[in-house]
Each structure stands twice: as structure tokens, then as C-alpha cells.
*Asks:* 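Before I ask anything, let me first share the structure, which is written out below as C-alpha cells.
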Number of protein chains: 2
Amino acid sequence: MSYSRHQLIALLRKHGIAPTHQRLEIANVLFSRCEHLAADQILTLVNERHAETSKATVYNTLNLFRDCGLIREVIVDPKRVFYDPNTQPHHHLYNVDTGEITDIPADDLTVSGMPELPPGMVTEGVDIVVRIRAL
Amino acid sequence: MSYSRHQLIALLRKHGIAPTHQRLEIANVLFSRCEHLAADQILTLVNERHAETSKATVYNTLNLFRDCGLIREVIVDPKRVFYDPNTQPHHHLYNVDTGEITDIPADDLTVSGMPELPPGMVTEGVDIVVRIRAL
DNA sequence: GCCAAAGATTGGACTTTGTCTAATCCCCGG
DNA sequence: CCGGGGATTAGACAAAGTCCAATCTTTGGC
Ligand SMILES: [Mn+2]
Ligand SMILES: [Mn+2]
Ligand SMILES: [Zn+2]
Ligand SMILES: [Zn+2]
């Protein structure tokens, strides 16, 4: 679960991302704890020891990581985007009361009856969100 | 597809909503065109003829309609919430290039292998978003 | 129909999430 | 040990949405 500094450097390099101090800090936060974190949580965590990463860099970096396929976005909360270090196809359980997001392995859930796509269109992904609630 | 004034009044009353002028205008926009509209699009449409509904009222009303089960939210675009006059279980095709949202009837798509829920939890709904793209 | 109370609407200030910009900084290749 | 391209930054900016206190409507009882 915990990555060494040069494992993180290798991970970024593999995705064509130059490893800077800030990017490594952000990657470390994302990959060490395997949770679904929002930008402002990442900003806080990264500056926990001593402040050294700006808000702009956190947003820049998350967008870069996303564009390079290192992480993916999870769109369940209309208020903020969550970032998921797990880019394997999988789905999410969303507790609407607490906001907690839990993974559902892809092979547990099967979807059948996918509609025909308009010609010239390809599927980029299928996201399933199971909204749950207490009671 | 088009509702008369007192059909709309009956619809609101059935959901325990007092029918005011503004609420009827908003309901009319939502139910006459069966699209997935965002708050600011609804604000524009409702004030097309002559301005008479404020931004605050549009947001208040959409939240009220949602809480009363008259409409539902569609969370696919991190930038804004879309409102869906169709509250029957169904799913969505989301064109990530254009932002276009299309319905997928619930019976077309079947999900199997739903995970056990933690005890005391109930499923509020299952949302499937098929993200598509040109090419 | 009339009136008061309860509820709805409003402009505008405010908050939150995220983007942009132009100045500065850093780091790597030659 | 440079020089230059890329990265970082503070802070301004933008968009979506909420909140508030003042005002306006609706409604139910008479
Ligand atoms: Mn550090
Ligand atoms: Mn009108
Ligand atoms: Zn996940
Ligand atoms: Zn729909």
C-alpha cells in the first residue's frame, strides 16, 4: 500500500510525467491511502507536515494525472469531483448520507443489454453508482 | 408531451406542492420538453417570454421538486446538475464531447451481481452512465 | 369576497469549487 | 555552469449554488 520514493518516480515516468517534488507528494497521498479523495482534501493532506504545494498545483496535477490515465475521476457528488487511484474498471457504492464511497470490483457486477451506439461512437466507459442509505 | 395548466396543477398537488405561478412555469419547462436541463437553462427558458422568475426561485423549486420526487437529478457532469422529469428507473448515455444526455430504458439494461449491503443499509437507486465519444 | 397567517419569491451578498495568468522558480541537457 | 522550457505560485476571476431579510402571494376561515 505504501510506495517508496523511486517507485513513485517510476510510476510517474511510466505515464510520461516529469517527477517533481509536488507531484510526488500528491501521488504519494493518492496511492498510499487507497481512498477516493477530493482536491481540497488532497491539498490539506499534502501540506500537513509543512506547506509546500499550492492550490493551483494540486488542481493542475490532478488534471494532468487524469489526462495521463494515472488516476480517474468519480462523479457522484454534485459538489465536488473525487479522484480514484484505481483505474481498473470497477464501480462504486455511494452512501448518500455520509458521502462515503466504496469500490465494487468490476467482475462482481455485470451489465447486459447495452444499447447500440450511434455510428462513429465508441464507449469510453460504463460507470455504475449504487446509492445507499441508512434504514 | 404538452401539459395543460390544470394538469400541471394536479401534478404538483399530487406531490403535495402548492402550485404557484413560478412553480407552474418551471414544471411546464421541465415536462413539456422531456430533456435533461440544468438550472441555468431552466432559468433562461422560464424567462424567455418575459422575466418573472428569479434565480433563487429556480434553485428553490428544483430542490423542492427533487425532494418531493417529482423530478430527479442526473450527476454526470462535474460542472452542473441536470434535472430529469422522468423519475422511472432508467439510465443514461453521456456524450463526453458534446455533453448530450440520452435515456436508456431500464429494461434494456440488466445488472447482476449486486454486492451484499452492510446491514441496516438500503439501496436508494442504481445509476448507470455509459460515457461515449466520437471516433 | 376579505383578512391575516403561513408560505413563497426576490435581489444581492456570499460560499465553494475550480480555472487562468503572468511572474518566478527549478531543473536538466549541453 | 549556463540557458531555456517546463513547473509552480499568489491571487484574480468565473460559475454553480446557497442564504438572508424584506416583500409579496396564496389560502383557508369567516
Ligand atoms: Mn515534504
Ligand atoms: Mn409567463
Ligand atoms: Zn474506486
Ligand atoms: Zn433521463
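Below, read A as the first sequence line, B as the second, and so on, with proteins coming before strands; counting in each chain starts at 1.
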*Asks:* For B/V81 versus A/P78, what's the shortest heavy-atom pair and its separation?
*Replies:* CG2-CB, 3.4 Å
*Asks:* Toward the 5' end of DNA chain C, which comes first, B/Q22 or B/P78, by nearest nucleotide?
*Replies:* B/Q22
*Asks:* Let me spell it out: for each of B/N60 and B/T20, pick the nucleotide of DNA chain D with the closest heavy atom. Which residue's pick is nearer the 5' end?
*Replies:* B/N60
*Asks:* Let me know the distance between CD of B/E73 and P of D/dA16, rounded to the nearest Å.
*Replies:* 15 Å
*Asks:* What's the closest nucleotide to the A/A56 side chain, out of C/dT10, D/dG11, D/dG17?
*Replies:* D/dG11
*Asks:* Base, sugar-phosphate, or nothing for B/N63, non-hydrogen atoms under 4.0 angstrom?
*Replies:* sugar-phosphate
*Asks:* What is the separation between atom CD on B/E25 and atom P on C/dT10, rounded to the nearest whole Å?
*Replies:* 11 Å
*Asks:* Quickly work out the B/I26 CD1 to C/dT9 P distance and round it to whole Å.
*Replies:* 8 Å
*Asks:* Could you say whether A/A18 or B/A38 is positioned toward the 5' end of DNA chain D, judged by the nucleotide with the nearest heavy atom to each?
*Replies:* A/A18
*Asks:* So B/R13, base contact, sugar-phosphate only, or nothing? Heavy-atom distance under 4.0 Å.
*Replies:* sugar-phosphate
*Asks:* Separation of B/L43 atom CG from D/dT18 atom P, in whole Å?
*Replies:* 14 Å
*Asks:* Work out which heavy atom in B/D97 is nearest to a heavy atom in B/A134; give both atom names and the distance.
*Replies:* OD2-N, 3.1 Å
*Asks:* Please check the phosphate of D/dA7 (OP1 and OP2 only) for any side-chain N or O of A/T57 closer than 4.0 Å.
*Replies:* no
*Asks:* Using a strict 4.0 Å threshold on nitrogen-to-oxygen distance, state whether B/D127 and B/R72 make a salt bridge.
*Replies:* yes
*Asks:* Considering only side-chain heavy atoms of A/K55, which listed nucleotide, C/dA8, D/dA12, D/dT18, is closest?
*Replies:* D/dA12
*Asks:* Given C/dA8, is OP1 or OP2 found less than 4.0 Å from the side-chain N or O atoms of B/R23?
*Replies:* yes
*Asks:* Look at atom NE2 of B/H6 and say whether more than 12 heavy atoms of other residues, nucleotides or ligands are closer to it than 6.0 Å.
*Replies:* no
*Asks:* Just compare D/dG17, C/dC20, C/dT9 and give me whichever is closest to any side-chain atom of B/T61.
*Replies:* C/dT9
*Asks:* Checking B/H36 against B/D103: is there a side-chain donor and acceptor pair closer than 3.5 Å?
*Replies:* yes
*Asks:* May I ask you to say what A/K79 touches in the nucleic acid, namely base, sugar-phosphate or nothing, with a heavy-atom cut-off under 4.0 Å?
*Replies:* sugar-phosphate
*Asks:* For C/dG18 and A/Y59 - does any side-chain N or O of the residue sit under 4.0 Å from the phosphate oxygens OP1/OP2?
*Replies:* yes
*Asks:* Can you identify which nucleotide, out of D/dT27, D/dG17, D/dA10, has its nearest atom closest to the B/P19 side chain?
*Replies:* D/dT27
